[in-house]
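Everything numeric in this text was worked out from a predicted model, so none of it was measured. Computation of the quantities below employed the complete heavy-atom set of this structure, encompassing side-chain atoms and omitting hydrogens, waters and symmetry-equivalent molecules.
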Amino acid sequence: MSSIHKRIGAVLGSSALFVGVALTAGATTALADETGDLAPDTLSVSRNGISGLAARSADGSYTLHLTSPRDGHDMGFVRWNADPQPAPDIPGDSLIAKDISPDGWAVEAELSTGRIASTRGHKAIYMKVVSGNLPEGHPYQLRGCVVKGSERKCTSWHPVHA
């Protein structure tokens with residue numbers, strides 16, 4: 001093989017590697033942008049059937065990633081967004097539910113005030129944001145649920161604040 005062919009092969013191989021790394025880094029960045037810069041804590045499998053990861057960010061936002069214990073697939077996430085996020089233009093004091101799996105289950109985020117964000121009635125991938133100003137510094141509770149028909153499975157309540 002000639003020297004020029006080896007150089008072209010090396011350039012193409014390096015380019016493919018660079019693109020793969022860039023795409024992987026972009027996916028990680030997109031997840032961080034969507035759910036905040038969070039340090040995850042493991043949630044245990046609850047008696048009602050869903051499990052996942054929980055993570056709190058410095059501004060008081062809190063995210064619960066929902067995972068099916070039956071087969072381990074990601075069902076979506078719920079999030080309490082304490083402060084506005086400029087990139088996705090999501091206001092503060094927002095409750096967010098995102099369904100990422102076409103498994104027939106909808107995702108609901110529930111706040112102890114009675115506020116609910118639900119993806120019920122929409123096909124995955126779908127995100128619902130419900131916002132409204134709440135008094136700053138007050139404690140609230142957040143939980144995530146998956147629903148199908150009259151069946152509802154929820155995580156335990158997690159403390160959040162406005």
Side-chain angles (χ1 to χ4, degrees), residues 23-162:
L23 289 175
T24 303
T28 303
T29 303
L31 179 61
D33 288 344
E34 195 165 323
T35 61
D37 237 357
L38 306 169
D41 298 319
T42 301
L43 290 176
S44 60
V45 176
S46 64
R47 68 181 184 281
N48 50 21
I50 56 176
S51 63
L53 294 175
R56 182 179 310 278
S57 64
D59 70 356
S61 296
Y62 197 81
T63 302
L64 295 167
H65 292 271
L66 305 177
T67 305
S68 170
R70 293 181 187 138
D71 60 9
H73 79 272
D74 290 330
M75 299 176 87
F77 68 85
V78 299
R79 177 174 170 84
W80 168 250
N81 196 58
D83 291 331
Q85 291 181 359
D89 197 28
I90 296 174
D93 296 346
S94 293
L95 198 54
I96 302 163
K98 185 165 186 180
D99 184 355
I100 63 168
S101 178
D103 56 8
W105 289 88
V107 173
E108 291 185 344
E110 186 177 353
L111 195 63
S112 55
T113 62
R115 182 183 295 180
I116 294 177
S118 178
T119 66
R120 191 185 290 259
H122 298 275
K123 291 183 179 182
I125 296 174
Y126 182 78
M127 183 171 78
K128 178 67 175 180
V129 178
V130 176
S131 63
N133 196 31
L134 293 173
E136 294 301 313
H138 286 222
Y140 301 99
Q141 298 284 317
L142 167 73
R143 72 177 177 176
C145 301
V146 291
V147 295
K148 182 191 287 187
S150 63
E151 195 172 356
R152 180 179 180 89
K153 300 172 187 275
C154 298
T155 66
S156 59
W157 290 97
H158 297 267
V160 295
H161 64 81

Any sub-3.5 Å donor-acceptor pair from Asn81's side-chain atoms to Ser94's backbone N or O? no
In terms of heavy-atom contacts, Ala109 and Leu95 come closest through O-CD2, 3.3 Å
Sequence neighbours excluded, which residues qualify as side chain to side chain contact (heavy atoms under 4.5 Å, CB included) partners of Pro135? His138, Tyr140
Spacing of OG1 belonging to Thr113 relative to CG belonging to Leu142, to within rounding of 0.5 Å: 10.5 Å
So which pairs with a foot in residues 89-124 pass ring pair (Phe, Tyr, Trp, His ring centres under 6.0 Å), sequence neighbours left out? His122-Tyr126
Can you sort out the partners of Ile116 under side chain to side chain contact (heavy atoms under 4.5 Å, CB included), two or more places apart, ordered by chain and number? Glu108, Glu110, Ser118
Where Val107 and Lys98 come nearest, the two heavy atoms and their spacing: CG2-O, 3.8 Å
By side chain to side chain contact (heavy atoms under 4.5 Å, CB included) - contacts of His73 (at least two apart): Ser68, Asp71, Met75, Ser101, Asp103
Could you tell me which residues satisfy side chain to side chain donor-acceptor pair (under 3.5 Å) with Asp99, sequence neighbours excluded, listed by chain and number? none
To the nearest 0.5 Å, how far apart are CG in Leu64 and OG in Ser156? 8.0 Å
In short, Ala124 meets Pro102 closest at the heavy-atom pair CB-N, 3.7 Å
Gln141 side chain near Pro159 side chain, heavy-atom distance below 4.5 Å: yes
Backbone N/O of Gly149 and side chain of Arg120: donor-acceptor pair under 3.5 Å: yes
Can you find a side-chain donor-acceptor pair between Arg143 and Thr155 that sits under 3.5 Å? no
Does the side chain to side chain contact (heavy atoms under 4.5 Å, CB included) test come out yes or no for Asp93 and Trp80, once each step is laid out? CA-CA 7 Å; Asp93 296 346; Trp80 168 250; 3.8 Å; yes
Check whether any side-chain heavy atom of Met127 lies under 4.5 Å from a side-chain heavy atom of Ile100, and answer yes or no. no
Report yes or no: does Ser61 contribute a side-chain atom to a donor-acceptor pair with the main-chain N or O of Ala82 at less than 3.5 Å? yes
Value for CG (Leu111) from CH2 (Trp157), rounded to nearest 0.5 Å, stands at 7.5 Å
